[in-house]
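Please read these numbers as outputs of a predicted model, since none were measured by experiment. In each ligand, atom 1 is the first atom listed, and ligand 1 is the first ligand listed.
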Amino acid sequence: MEDLPLLSRTSIVVTALRGGSSSEVAPRRRSRLHVPPSIAASSGSWRLLKRFLRPLPGRVFSAAAASSWSPFRDRTTRIKEPRSKLKMTIREGEAVAADVTAGDMIFEPILEEGVFRFDCSANDRDAAFPSISFVDSKDRDMLITSHHVPSYIPTYQCLFGQQIVKLELPAGTSFYGTGEVSGQLERTGKRVFTWNTDAWGYGPGTTSLYQSHPWVLAVLPSGESLGILADTTRRCEIDLRNQSKVQFTALSSYPVITFGPFASPGAVLTSLSHAIGTVFMPPKWSLGYHQCRWSYESDNRVREITSTFREKKIPCDVVWMDIDYMDGFRCFTFDKDRFSDPKSLVDSLHQDGFKAIWMLDPGIKREEGYFVFDSGAKSDVWIKAADGTPFVGEVWPGPCVFPDFTQSKVRHWWAQLVHNFVSNGVDGIWNDMNEPAVFKSVTKTMPESNIHRGDDELGGVQNHSHYHNVYGMLMARSTYEGMKSANENKRPFVLTRAGFVGSQRYAATWTGDNLSNWDHLHMSISMVLQLGLSGQPLSGPDIGGFAGNATPKLFGRWMGIGAMFPFCRGHSEMDTNDHEPWSFGEECEEVCRLALKRRYRFLPHIYTLFYMAHKMGTLVASPTFFADPKDPRLRTLENSFLLGPLLVCASSMPHQESNDLQHVLPKGIWLSFDFDDAHRDLPVLFLQGGSIIPLGPPHQHVGEATLSDDLTLLVALNEHGTAKGILFEDDGDGYKYLEGEYLLTHYIAERESSLVTIRVHTEEGSWKRPKRRLHVMLLLGGGAMVDAWGMDGDTIQITLPSEDEVSKMVAGSEKKYNARLETCKCIPDVEEISSHKGVELSRTPIELKSGEWIAKVVPWIGGRIISMEHVPSVDPLYHSTLRKVGVDLMISKA
Ligand code: MIG
């Protein structure tokens, strides 16, 4: 069965979940059939193509013939279509999607050496929709000169309008990517469907979360790696259930792009970034700790929270305002009583070194007299229902209309609102519910038959199923552009829940509504890594878990790990217990303080990693196997990760502390260290031999840093006695760095017999080196180190102790470490959590049955659907019946 194309039962069930449309709209065929100059001009590429196209007698089914075709029959007939043949068989006006064709895909080199675009045929190539994932769709269409041919060529089948693409890789290949996915890090055996979904309370087996990345990163046994992008915005099944085989299934037709094989997985991601862009350059403050809650109910409560951080000396940069700051959930308004004067609130927050981030949802209350509704109605910006009237769906404010972000006109309209909104003292914006989430509907989103009047450059007028997966990204883009226009000297900061390949260009993201339990703590590591492996390096979970109440131990442990994630924010659901760092007793509070102080020490390093990520598409957090992609032991490690050469080893098990675990280290030298802050609930840290990382003082917030701060270099020599590392410094905000106003320093350390010399190797940028002290900490292993002070820019020398002395120091340091672990106060085990469990967990789900479906629903606003099951087994070809059930089942508010 495993090789059967497409029509597995589950995929049909998912098809059935589509709302609205009872008939699929076939992909728009461009009426003008233009041959891209790249094909027309390049006889060379045609020659290449011919080598891979075996001209077998072609066979093309008509739509009528297709209906009698059975996937169970005649599977041996592989149809290979030479391009010219296909051209002849596709006639104007014919429902091409119903044809059944198969064969090797045709290819062309694009973008840069090692990158190939594959299509089913030249006609499919011409008919492909513009790319929304690529920064510039033209890069996907433009042929480059290349003397290489792809090492792996996908095959395709087109059946019933679906295009199935398969690629077989060598045995022993490991799979990663596929975007925001729960469950294991290595993806063999898994299947996901790209369909942005409000996935409250998701679990390890959930197949669609908030974002869509039809992208697989394959690490071959040799460590060489290949990336595969199915460049479609449509719902796409990514099937990795069979070892070493990748299969994509989505509506015809779409191009597939392969990147590599390149020497390492990192090289694949760099190449991917040349297509889809890199992460926006985050303002430095956004790399500090963020405190969020649904919701801090008033300006007073917000001030109470921020001053508690300062009183308790727990570092924090940002406080977040969830939906309740608004006046009746109306975007761009403030509640008149509870947030009566946002400007002065933010002014006082700024004085305390805090930034403020405010939520904006896509659902706009349908209410005459509300300025956003009125102006949107006047400018005709709303998504339309199939009947041409503005679509109305229920979200927080009640009946809502939704801006159609696929039109540049509408993005401008929204950006202008954002522009004005920023003048209230808005430092960042949080886009939630932009899958888009719609209450009281089984699909949790709007009908697929809704109409977007998209710009031609994005794909033109299409129904919602075409744009569903990019809606959130386009909203984030428009929000980003609005913030940018409001202040050209500040870097926008946008957080988006929904996303697509490329959304890292505009926004950070978080892993949605997770649960306060140990499984979710564990999964959060892989999820952050996986997003990075899918092009989005700036992500993090709700630290402590969103739904339900964390135990002190869980919270402390999560903060220890979360403090090392690229995006670091604590958040929790309405009606849960308090989830601030001090809410779980003094032991947990101390762990949080230690964890966040660590983060702030590492900020110069983390900021440098982001600069590199922004410039070159490198990762910020990467899986441990990046240190040695050949080593099969590392490929499934889920408890550790790298921040450049810094290895973070954690424990996500309640009764096993990180120091008790036998951590698997990559080959080579890895030297452990801490800041005399070792704790059972904090991760264990190692620096890779051969590297230097820059550290700063553990400030209370980023704005406290000054140019004269002491700079610390942590040094680990490799077996040749050398090490190197980078520090990037600039204003931390704005765009002067683009005009050269920065300082990028390459430091180097070299040992000659027992003398280690640390100095500036090269520097770049117009900034003068600040006058500041330099502290070098040379790691010796086992937590031991020798250090020296000097001035930054000068050469510093350290004499290595004799071997005897080193072993004494290591023994001494280990003793100190153990003594510290003995004496530090452990977070007590409290298993029972009293009080509320959060709005949704506190209600028992009820079962709703309708026809062939059972839905488990929490009787709460919107009637949140927890799970849906399809009951009887049906003939998989009965699409229409299933679809009807999916459409008709509406769940009403209980
Ligand atoms: O329907 O704004 O994921 O972080 O606190 C819930 C309230 C809406 C979902 C987000 C969550 C946020 C919450 N939102």
In ligand 1, the atoms that come under 4.0 Å of a heavy atom of Trp430 are 4 (O), 5 (O)

Does ligand 1 come near enough to Asp198 that some N or O of the ligand is less than 3.5 Å from an N or O of the residue?
no

Measure Phe546 to ligand 1 on non-hydrogen atoms and call it side chain, backbone, both or neither using the 4.0 Å cut-off.
side chain

Count the heavy atoms of every other residue, nucleotide or ligand shown that sit under 6.0 Å from CZ of Arg593, and state whether that count exceeds 12.
yes

Measure centre to centre between the rings of His701 and Tyr600, then say whether the value is under 6.0 Å.
no

For Arg569 and ligand 1, does the shortest N/O to N/O distance drop below 3.5 Å?
no

Please state which part of Glu573 comes within less than 4.0 Å of ligand 1, counting heavy atoms only: side chain, backbone, both or neither.
neither

Whether Asp542 side chain and Arg569 backbone form a donor-acceptor pair below 3.5 Å:
no

Report, in ascending order of atom number, the atoms of ligand 1 lying under 4.0 Å from any heavy atom of Asp513.
3 (O), 4 (O), 9 (C), 10 (C), 11 (C)

Quick one: does any side-chain atom of Asp374 pair with a main-chain N or O of Gly369 as donor and acceptor, under 3.5 Å?
yes

At a non-hydrogen distance cut-off of under 4.0 Å, which region of Arg497 contacts ligand 1 (side chain, backbone, both, or neither)?
side chain

Within 45° of the six-membered ring axis of Phe354 and under 6.0 Å from that ring's centre, is NZ or CZ of Arg310 located there?
yes

Which option, Trp510, Phe329, Trp396, owns the non-hydrogen atom nearest atom 6 (C) of ligand 1?
Trp396

When you measure from the heavy atoms of Tyr210 to every atom of ligand 1, does any distance fall below 4.0 Å?
no

Atom indices of ligand 1, in the order listed, that fall short of 4.0 Å to a heavy atom of Met433:
1 (O), 8 (C)

I'd like to check which ligand 1 atoms, numbered from 1 as shown, lie under 4.0 Å from a non-hydrogen atom of His571.
4 (O), 5 (O), 11 (C), 12 (C)

Would you confirm whether the ring centroid of Trp414 sits within less than 6.0 angstrom of the ring centroid of Trp382?
no

Please find out if less than 6.0 Å separates the ring center of His290 from that of Trp320.
yes

Any donor-acceptor pair under 3.5 Å from Arg599 side chain to Phe565 backbone
yes

Can you tell which of Asp542, Asn514, Ile323, Asp432 gets a heavy atom nearest to atom 8 (C) of ligand 1?
Asp432

Strictly under 4.0 Å, does any heavy atom of Met359 approach an atom of ligand 1?
yes

Kindly say whether the aromatic ring centers of Trp558 and Trp518 come within a distance under 6.0 Å.
no

